[in-house]
Every structure is written in structure tokens, then in C-alpha cells.
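Here is the structure we will look at.
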Amino acid sequence: MVNKEKCGNFTEQDAPKYEDTLQCMRCGFCLPTCPTFALTGRERSSPRGRVALARAVAEEKLEFTQAVKEEAYFCLDCRACTTACPSGVKAGEVMEVCRSQVHQQQPLPKWQAGFRSFILEKMLPNPDLLETSMLPARLYQKLGVQWLVRNSKLLKLGPKWIDKAEGMMPEMHQPLRQRIPETTLAKGEKRGTVAFFLGCVMTLMYAEVSKQTVRVLSHQGFDVITPKEQKCCGAPHLTEGDRETTRQMATHNLDLFLDLDVDAIVTDCAGCGSALKEYEEILHERQDHARLELFHGKIKDVSEFLVEAGLRTEDLLPVNKSVTYHEPCHLCHAQGISKQPRDLIKAIPGIEFREMNESSWCCGSAATFSLKFTEESQQILDRKLNNVKNTEADILVTANPGCHLQLAWGLREAGMPQPVLHLMELLGEATPE
Ligand code: SF4
Ligand code: SF4
């Protein structure tokens with residue numbers, strides 16, 4: 001999208017908005033909230049420093065240098081600084097936009113660019129292709145090759161990110177999109193109809209979790225429509241600086257879901273919810289404003305939706321466990337949803353809720369950050385694991401697949417006993433068949 005404002009040394013296509021860089025008054029309130037500043041103590045790796053870099057490029061005081069490129073990707077986009085900033089500066093979003101500048105100004109070598117474009121432009125927008133691509137991973141687990149690889153410790157000899165990526169793989173099931181009915185009817189007294197947005201990572205890696213989400217919604221009195229033609233929300237593209245493919249998929253999803261007569265569009269993935277709520281901004285030059293507003297108003301994280309609707313608790317089964325909660329950045333900072341997941345956990349009979357210190361501090365996952373910056377990601381994760389340990393809770397609950405992968409891996413590597421459950425898995429445990 002061409003930015004008609006001051007671009008300076010940014011290219012016009014998808015440049016950060018100059019006005020977004022002007023709001024920073026350099027107060028420093030954001031500094032203690034930024035994980036990368038905490039790690040490095042380096043001004044350029046802080047929200048204030050990153051916004052200053054973007055402003056300098058827009059004002060032609062700085063070229064789009066290697067340092068700007070590095071900071072665009074070293075930022076976790078955790079948005080903790082947005083929550084802290086009294087001026088409404090969104091340093092994470094400014095850096096996210098800068099990633100598309102990286103690909104325009106410093107293109108990758110040809111083969112890497114071709115691979116990137118295959119993943120982002122061909123595979124992710126095509127659910128059938130995406131699901132087929134996961135078949136080898138399922139066979140790898142089913143045929144016992146994973147057991148052999150893990151026990152041989154062979155991957156410890158290679159780059160750390162490969163060993164970590166393999167270690168993070170959850171138990172893979174058949175993708176939920178292929179087997180979930182298009183409509184799941186409400187149980188008991190019907191309260192309404194919702195559409196279910198089934199994110200790529202959830203359907204491919206956490207199919208059994210999303211199955212629980214649909215079951216819980218149905219048990220709570222809602223017909224659940226899961227359109228099979230839905231596509232990826234576009235969050236991976238925003239993360240990788242491909243804003244144009246995001247727009248194409250956003251347009252598809254917007255048209256598809258607005259055609260349905262539903263009270264809400266519900267998701268159980270914090271990253272998807274955050275991206276879907278950003279369609280208003282992403283598509284503002286291409287779509288009618290009223291349609292964008294209508295769509296935005298219907299998008300609900302499942303915890304947000306169930307608390308607004310009022311959770312039916314009369315037949316919930318007890319779960320006699322202590323539970324702590326890690327807040328996904330894209331739920332608490334990007335969507336302002338913090339209280340609702342806790343309300344749901346506390347509503348389950350038998351649960352003893354234990355608040356964790358720094359519950360909204362990033363876990364170090366942050367899309368591909370955990371594989372690109374394995375050392376830094378580990379340091380951020382260690383801080384989180386220490387906070388989990390101090391609660392001595394039986395179960396760690398979260399609500400985003402990226403956090404789930406990172407935390408489950410981290411707990412296992414650290415020899416900690418807690419299982420990680422998605423909030424809907426916990427609620428599913430308390431929901432009778
Ligand atoms: S980004 Fe916000 S909190 Fe940080 S220095 Fe600028 S105005 Fe202050
Ligand atoms: S989004 Fe997170 S990592 Fe990036 S500048 Fe803000 S607080 Fe720091």
C-alpha cells in the first residue's frame with residue numbers, strides 16, 4: 001500500500017506512517033517492559049530507540065541500514081511497550097511494517113526469495129496444500145522415526161534451531177478442518193450462532209484443542225459454523241513482511257465470514273484474533289468502512305466471547321488442580337484481554353488459581369524469533385519458567401499456539417512436571433460429554 005506521507009529513505013510501498021514515529025516523547029516508560037532492552041541494555045533495541053530509528057529513516061537522517069533491518073526482526077512484536085506507552089506509540093507495529101521494507105530494499109538471494117514466496121504466497125493461502133505438506137511430519141511420528149531421532153541425539157550435532165524445531169513438535173493429528181462438521185449444533189437451550197475461525201497452527205498442530213473449543217461452545221448453547229473455505233489469517237505474512245498477501249487473504253476471509261448470519265466470529269488463537277482485528281487497518285483503503293467495522297465488531301477471542309455471553313457453570317465438572325496462567329502477548333497487549341481467561345479458569349469448580357509473577361512478560365516464542373534467535377529466546381524463556389516454578393502450580397494454562405509450543409518444550413527441557421494446557425482444553429476437561 002503506497003504511503004503518501006513523508007517516506008524519506010523508506011520506499012513508498014508499505015512505509016511506516018511518519019506520524020506514528022512523531023508521537024514518542026522519549027519519556028522511557030516503555031523501557032522496563034521491553035524484553036529485548038532487558039536482554040541487551042541497548043537503546044536501539046528498546047521501543048524508544050526503534051521508533052527513533054524509523055523516524056530518522058523517514059527524515060532522511062539515516063539510510064535503511066543493516067541496524068534498522070536487524071531491529072525490525074529482533075523486536076518480538078510483543079506489544080508490551082504499547083500497553084506501557086502514555087502517548088499511544090506502537091513500536092512493535094512500526095517494526096512489523098519495517099519488515100516489508102527489508103524485503104523491498106535488501107532483497108534476499110534468488111533461491112531464498114523463491115522459497116519465501118512459495119511458503120507465503122502459495123502454501124499458506126492454500127489450506128489443501130498446507131495440510132498435505134504436514135503429512136510427512138505425521139508419518140515421521142507414526143512410523144517411529146521421531147523416537148529414533150530423539151534417542152540418537154543426532155540433532156544435537158547440528159544447528160540449535162533444527163534441534164529446537166524438532167523438539168517443539170507436538171503430537172500431530174489429522175487436521176481438524178478436514179474432519180469437523182460445517183455446523184455443530186448447540187446443546188441444551190440455544191443461545192445463538194457463532195462462526196469459528198480455525199487458524200492454521202491450531203488445525204495442523206493443535207487439532208484436538210480446537211475440537212474442544214467447538215465442543216465447549218456447543219455445550220454453552222451455541223451453534224458453531226466452521227467454514228471449510230477459510231484461509232490463514234495473514235499473521236505469518238505480517239511477521240515476515242509480506243503485507244500484500246495478508247491483504248489478499250484478509251479480503252477472502254472478510255467476504256466469507258460476513259456472508260454468514262452469525263452473532264460473532266470466534267477464535268481460540270490469540271495471534272489469529274489479533275490479526276483479524278487488524279483487518280480494519282490493513283484493508284482500510286480497499287474496503288467499505290462499514291463492512292470493516294462490522295467485521296471488527298464480530299471478532300472475539302473465545303474467552304472474551306464466553307465471558308460476555310456469561311459462562312453456564314451449573315453442570316461443570318470439578319478439576320481439582322492448582323493452575324497458573326501465562327498471558328499471550330497477542331491476547332493481553334494486542335487485544336487488551338487479560339481478565340477474561342482468568343475469570344473462566346476461576347469459574348471451574350475445584351480449581352485453585354495461582355497468579356504468576358510477570359504473567360504478561362513474553363515467553364520468547366514470537367513466531368519465528370524462537371528459532372532465529374535461539375539464545376535470546378532461551379533467556380526470555382528461562383525468566384518465564386522461573387516464574388512458573390515459583391507458583392508450584394500443577395498446570396500451566398495459556399491461549400496461543402506459539403506460546404504453547406515454546407512453553408511445553410521449555411518445561412520438558414527443564415525437567416519441570418507441569419503440563420501446558422490451552423484454556424479451552426481445561427474448560428473442555430470440566431465440560432461433560
Ligand atoms: S515509546 Fe512511548 S513510553 Fe516509550 S519513550 Fe516513547 S512515548 Fe515514552
Ligand atoms: S514490541 Fe516488545 S520487543 Fe518490540 S519494542 Fe515493544 S516491548 Fe520491545
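Below, each value reflects all heavy atoms present in this structure, side chains not excepted, and no hydrogens, waters or symmetry copies. As the structure is a computational prediction, the values presented were derived from the model and not from experiment.
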Give the minimum heavy-atom separation between [X] and [Y], together with the two atoms involved.
| X | Y | answer |
| --- | --- | --- |
| Leu31 | Phe37 | O-CD2, 3.5 Å |
| Ala393 | Thr324 | CB-N, 3.7 Å |
| Ile380 | Cys363 | CG2-C, 3.9 Å |
| Asp20 | Val89 | O-CG1, 4.3 Å |
| Phe369 | Gly364 | CD2-O, 3.8 Å |
| Cys233 | Tyr279 | O-OH, 2.8 Å |

Should the pair His404 and Tyr206 be assigned to parallel (<30°), tilted (30 to 60°) or perpendicular (>60°) ring geometry? parallel

Could you label the plane-to-plane angle of the Phe257 and Phe197 rings as parallel, tilted or perpendicular, counting under 30° as parallel and over 60° as perpendicular? tilted

Between [X] and [Y] (salt bridge meaning N to carboxylate O under 4.0 Å), is one present in this structure?
| X | Y | value |
| --- | --- | --- |
| Glu70 | Arg50 | no |
| Glu281 | Lys90 | no |
| Glu352 | Arg354 | yes |

[X] side, atom [atom1]; [Y] side, atom [atom2] - distance, nearest 0.5 Å:
| X | Y | atom1 | atom2 | result |
| --- | --- | --- | --- | --- |
| Leu176 | Glu131 | CG | CD | 9.5 Å |
| His296 | His289 | NE2 | NE2 | 10.5 Å |
| Asp263 | Glu308 | CG | CD | 11.5 Å |
| Glu358 | Thr33 | CD | OG1 | 11.5 Å |
| Thr313 | Lys346 | OG1 | NZ | 15.5 Å |
| Ile337 | Cys332 | CD1 | SG | 10.0 Å |

I want to check something: taking the side chain as every heavy atom from C-beta on, are [X] and [Y] in contact at a cut-off of under 4.5 Å?
| X | Y | value |
| --- | --- | --- |
| Glu240 | Tyr73 | yes |
| Leu217 | Val266 | yes |
| Leu311 | Leu316 | yes |
| Thr398 | Leu423 | no |
| Leu396 | Leu421 | no |
| Ile225 | Thr193 | yes |
| Leu427 | Leu306 | yes |
| Ile180 | Val214 | yes |

So for atom [atom1], which belongs to [X], do other residues, nucleotides or ligands contribute more than 12 heavy atoms lying within a distance under 6.0 Å?
| X | atom1 | answer |
| --- | --- | --- |
| Asp288 | CG | yes |
| Lys339 | NZ | no |
| Lys61 | NZ | no |
| Glu189 | CD | no |
| Glu392 | CD | no |
| Phe353 | CZ | yes |
| Lys389 | NZ | no |

Under the criterion side-chain hydrogen bond (donor to acceptor under 3.5 Å, both in side chains), I'd like the reasoning laid out for Thr11 against Gln104: C-alpha separation, chi angles, the key distance, then a yes or no. CA-CA 8 Å; Thr11 57; Gln104 292 177 64; 2.7 Å; yes

Keeping [X] on the side-chain end and [Y] on the backbone end, is there a donor-acceptor pair under 3.5 Å?
| X | Y | result |
| --- | --- | --- |
| Gln335 | Ala270 | yes |
| Ser100 | Val97 | yes |
| Gln101 | Gln13 | yes |
| Arg191 | Phe222 | no |
| Arg55 | Tyr18 | no |
| Glu429 | Leu317 | no |

Kindly confirm or rule out a cation-pi arrangement of Arg342 over Tyr325, judged by NZ or CZ under 6.0 Å from the six-membered ring centre and within 45° of its axis? no

NZ or CZ of Lys164 within 45° of Trp409 ring axis and under 6.0 Å: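 That pair qualifies as a cation-pi contact.
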
Among residues at least two apart in sequence or on other chains, which ones pass side chain to side chain donor-acceptor pair (under 3.5 Å) with Gln248?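 Listed in chain order: nothing, the list is empty.
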
Candidate pair Arg312 and Glu314, rule side-chain contact (heavy atoms from CB on, under 4.5 Å), full reasoning: CA-CA 6 Å; Arg312 281 181 185 162; Glu314 50 287 357; 3.8 Å; yes

Would His326 and Asn387 satisfy side-chain hydrogen bond (donor to acceptor under 3.5 Å, both in side chains), going step by step from the backbone distance to the final call? CA-CA 10 Å; His326 160 71; Asn387 285 322; over 6 Å; no

Could you give me the CA-CA distance, side-chain angles and deciding distance for Thr82 and Arg79, then say whether side-chain hydrogen bond (donor to acceptor under 3.5 Å, both in side chains) is met? CA-CA 5 Å; Thr82 307; Arg79 319 232 172 145; 5.7 Å; no

Check the pair Val397, Ile345 against side-chain contact (heavy atoms from CB on, under 4.5 Å), reporting the backbone distance first and the verdict last. CA-CA 9 Å; Val397 166; Ile345 296 171; 4.0 Å; yes

I'd like to know whether Phe74 forms a side-chain contact (heavy atoms from CB on, under 4.5 Å) with Arg42, so could you lay out the CA-CA distance, the side-chain angles of the two residues, the decisive distance to 0.1 Å, and finally the verdict. CA-CA 12 Å; Phe74 190 47; Arg42 204 167 53 189; 3.9 Å; yes

Set out, in order, the CA-CA distance, both residues' side-chain angles and the distance that settles salt bridge (Lys or Arg N to Asp or Glu O under 4.0 Å) for Glu71 and Arg99, then state yes or no. CA-CA 9 Å; Glu71 287 309 328; Arg99 292 178 188 182; over 6 Å; no

After noting the C-alpha distance and the side-chain angles of Lys277 and Glu304, does the key distance pass the salt bridge (Lys or Arg N to Asp or Glu O under 4.0 Å) rule? CA-CA 13 Å; Lys277 286 178 181 176; Glu304 182 184 18; 3.0 Å; yes

Might you work through the side-chain hydrogen bond (donor to acceptor under 3.5 Å, both in side chains) test for Gln406 and Ser377, ending with a clear yes or no? CA-CA 9 Å; Gln406 168 92 338; Ser377 171; 3.1 Å; yes

The test is salt bridge (Lys or Arg N to Asp or Glu O under 4.0 Å); show your working for Asp242 and Arg116 and say whether it passes. CA-CA 10 Å; Asp242 178 3; Arg116 175 179 177 271; 5.4 Å; no

List the steps, then state whether side-chain contact (heavy atoms from CB on, under 4.5 Å) holds for Trp161 with Lys372. CA-CA 7 Å; Trp161 72 267; Lys372 282 180 182 148; over 6 Å; no

